[in-house]
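Because the structure is a prediction, the values reported are computed rather than measured.
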Amino acid sequence: MTDLFGAKSTTDDVLFGIDLHGKRVLVTGVSAGLGVETARALAAHGAEVTGAARDLAKAERATTAVRDQAANGGSLELIELDLASLASVRACADALQADGRQFDVVIANAGVMAAPFGHTADGFETQFGTNHLGHFTFVNRIASLIAPGGRLVNLSSSGHRFADVDIEDPNFEHTAYDPWIAYGRSKTANILFAVEFDRRHKARGVRATAVHPGGIRTELSRHLDDGALEAMVGKINEELAAEGKPPYELKSIPQGAATSVWAGVVADADEVGGLYCENCHVAKVTENPVSRISEGVRPYALDAERATALWSKSEDMVGERF
């Protein structure tokens with residue numbers, strides 16, 4: 001299965017011939033980019049998709065194609081979820097629990113990147129609070145709704161290599177703020193959350209994994225200065241040219257969403273459970289120097305003891321035990 005797909009595979013490539021009729025999937029962040037494409041591909045293959053978004057009006061407009069292309073029983077319904085507010089997170093989770101229907105897959109897709117220093121409604125540093133603590137609370141509150149044999153897919157990033165989590169100072173109260181370090185911490189947290197969730201739930205047949213979608217031009221880059229993404233790619237290509245290598249190309253959105261879909265409904269659960277995936281395969285652990293575009297996951301992001309410690313710290317921060 002691992003060798004069938006790669007960096008250029010799209011959602012339709014990995015789902016070719018797969019019938020998801022009767023499967024229920026929850027996707028967060030369905031108001032733009034990867035979330036919309038993930039929902040579209042799943043619904044087009046018959047899945048009943050529940051899409052969560054902070055701005056429901058925006059999500060309604062963005063997901064027209066999802067409804068238009070839904071087939072073989074596929075559908076989309078929207079729910080309100082603001083990951084930067086625990087009150088919203090809990091209200092959304094409570095509504096899903098009251099509804100009672102189970103999910104076969106939960107894809108924690110929503111997030112922010114390189115945001116200026118700020119805080120969520122509950123006083124957490126914006127990126128750690130939104131990308132990690134919001135999903136941590138939401139997913140754990142609906143964990144009982146993930147059906148046996150189901151999966152959790154956390155969207156992380158190669159940006160996890162910017163920084164390990166800082167369990168002693170998660171809110172940058174004693175550390176100078178850097179938007180990329182904060183992003184790196186939150187993306188490492190997404191992986192560690194998957195590692196510990198997988199350990200806790202695999203006995204009942206529920207597995208968890210983390211994925212890197214790749215470099216893609218989406219609304220995630222809205223906090224970057226104009227031209228910053230292009231400048232980054234230009235710098236990378238200068239380095240590649242000096243090494244006699246072909247230029248780097250950003251992925252399309254269907255290519256970017258492919259690994260999420262692959263890890264959620266295509267790959268063998270034992271192949272991806274508790275691990276980190278990229279380009280539709282499980283990534284290798286590397287401690288060697290890496291470029292901004294090379295593959296690999298840092299060992300600290302898969303460290304079981306680190307994952308347990310982060311879980312405990314996260315519970316303390318949100319004031320709940322799971």
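Looking at every heavy atom in both residues, L15 comes nearest to A41 through CD1-O, 3.6 Å. Nearest heavy-atom pair, Q102 versus S144, reported as atom, atom and distance to 0.1 Å: NE2-O, 3.9 Å. When all heavy atoms are compared, the tightest approach of L155 to N190 is O-OD1, 3.2 Å. Residue S312 comes nearest to R321 through the heavy atom pair O-NH1, 3.8 Å, listed as atom of the first residue, atom of the second, then distance. In plain terms, the two heavy atoms of R67 and L78 that are nearest each other are NH2-CD1, 3.6 Å. Of all heavy-atom pairs between H160 and A301, the closest is CD2-CB, 3.9 Å.
With contacts defined as side-chain heavy-atom distances shorter than 4.5 Å, the pair R185/Q127 does not qualify. When side chains are defined from C-beta on, S88 does not count as touching F138, because their heavy atoms never get closer than 4.5 Å. At least one side-chain heavy atom of R298 sits under 4.5 Å from a side-chain heavy atom of T286. Side-chain atoms of V272 and R151, non-hydrogen and from C-beta on, do get closer than 4.5 Å to each other. Residues H201 and I146 fail the side-chain proximity criterion, which asks for heavy atoms closer than 4.5 Å. Side-chain contact between V165 and P170 is absent, with no heavy-atom pair separated by less than 4.5 Å. Taking the side chain as every heavy atom from C-beta outward, K187 and S156 approach each other to under 4.5 Å. Under the 4.5 Å side-chain criterion, counting only non-hydrogen atoms from C-beta, R54 is not in contact with L83.
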Starting from the C-alpha separation in whole Å, work towards a yes-or-no answer on side chain to side chain contact (heavy atoms under 4.5 Å, CB included) for T188 and H132.
CA-CA 9 Å; T188 295; H132 171 58; over 6 Å; no

Can you check side chain to side chain contact (heavy atoms under 4.5 Å, CB included) on L302 and I191, steps first, answer last?
CA-CA 7 Å; L302 295 174; I191 305 172; 3.8 Å; yes

Run Q97 and R141 through side chain to side chain contact (heavy atoms under 4.5 Å, CB included) and show every step you take.
CA-CA 8 Å; Q97 285 285 7; R141 276 180 157 248; 5.8 Å; no

List the steps and the verdict of side chain to side chain contact (heavy atoms under 4.5 Å, CB included) for V36 and V66.
CA-CA 7 Å; V36 173; V66 180; 4.1 Å; yes

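Checking N131 against S186 by side-chain atom types alone, a donor-acceptor pair falls below 3.5 Å. A donor-acceptor pair shorter than 3.5 Å cannot be found between the side chains of E48 and S75. T11 and E37 are linked by a side-chain donor-acceptor pair at a separation below 3.5 angstrom, with hydrogens and angles left out of the test. Residues D169 and T175 have side chains that bring a donor and an acceptor to within less than 3.5 angstrom of each other.
Residues forming a ring pair (Phe, Tyr, Trp, His ring centres under 6.0 Å) with F322 (at least two apart in sequence, or on another chain): F136.
The backbone N or O of F124 sits nowhere less than 3.5 Å from a side-chain atom of D122 that would complete a donor-acceptor pair. Side chain of K23 to backbone of D104: no donor-acceptor contact under 3.5 angstrom is found. Checking side-chain atoms of N279 against main-chain N and O of G6 turns up no donor-acceptor pair under 3.5 Å. Here the side chain of H21 pairs no donor or acceptor atom with the backbone of G73 at under 3.5 angstrom. Within the 3.5 Å criterion, the main-chain N or O of G118 finds a donor-acceptor partner in the side chain of T126. Of the possible donor and acceptor atoms, none in the side chain of N171 sits under 3.5 Å from a partner among the backbone N and O of E173. The closest donor-acceptor contact from the side chain of E278 to the backbone of G296 lies under 3.5 Å. Side chain of D316 to backbone of K313: no donor-acceptor contact under 3.5 angstrom is found. Side chain of S9 to main chain of D13: no donor-acceptor pair is present (N/O by atom type, distance under 3.5 Å, no hydrogens or angles).
Interatomic distance, OG1 of T63 versus CZ of R61, reported as 10.0 Å (0.5 Å rounding). Atom-to-atom distance recorded for I107:CD1 and L34:CG is 10.5 Å, nearest 0.5 angstrom. One distance of note links CD of Q255 with SG of C280; it measures 9.5 Å at 0.5 Å rounding. With rounding to the nearest 0.5 angstrom, the OH atom of Y300 is 10.5 Å from the CD atom of E287. Summarising the geometry, atom CD belonging to E320 is positioned 6.0 Å from atom OG1 belonging to T137; distances are rounded to the nearest 0.5 Å. If you take CG on L76 and CD on E60, they are separated by 8.0 Å, rounding to the nearest 0.5 Å.
For the side chain to side chain donor-acceptor pair (under 3.5 Å) with R40, the qualifying choice from D68, D12, T64 is D12, the only one to do so. Results of the side chain to side chain contact (heavy atoms under 4.5 Å, CB included) test with L26 over L145, L96, L81, N109 single out L96 as the only residue that passes.
The aromatic rings of F193 and F197 lie perpendicular to each other, with more than 60° between the two planes, well past the 30° mark. The aromatic rings of Y183 and F162 sit tilted relative to each other, their planes meeting at an angle between 30° and 60°.
Counted within 6.0 Å of CZ on F16, heavy atoms from surrounding residues, nucleotides or ligands total 12 or fewer; the atom is thus considered open. In this structure, E305 places its CD atom where only 12 or fewer heavy-atom neighbours from other residues, nucleotides or ligands lie under 6.0 Å away.
Cluster membership for V211 and I253, using ILVMFWY side-chain heavy atoms within less than 4.5 angstrom, is shared. At a threshold of 4.5 Å between side-chain heavy atoms, the hydrophobic network of Ile, Leu, Val, Met, Phe, Trp and Tyr places V14 and L275 in one connected group. In terms of hydrophobic clustering, with Ile, Leu, Val, Met, Phe, Trp and Tyr side chains grouped at heavy-atom distances under 4.5 Å, L56 and V27 are assigned to a common cluster. Following chains of ILVMFWY side-chain contacts shorter than 4.5 Å, one cannot reach F172 starting from M317, and the two form parts of different hydrophobic clusters. V25 and V139 are not part of a single hydrophobic cluster, where members link through side-chain heavy atoms under 4.5 Å apart.
A centroid separation of less than 6.0 Å is found between the aromatic rings of F117 and H119.
Under a cutoff of 6.0 Å and an axis angle of 45°, R199 and W311 do not form a cation-pi pair.
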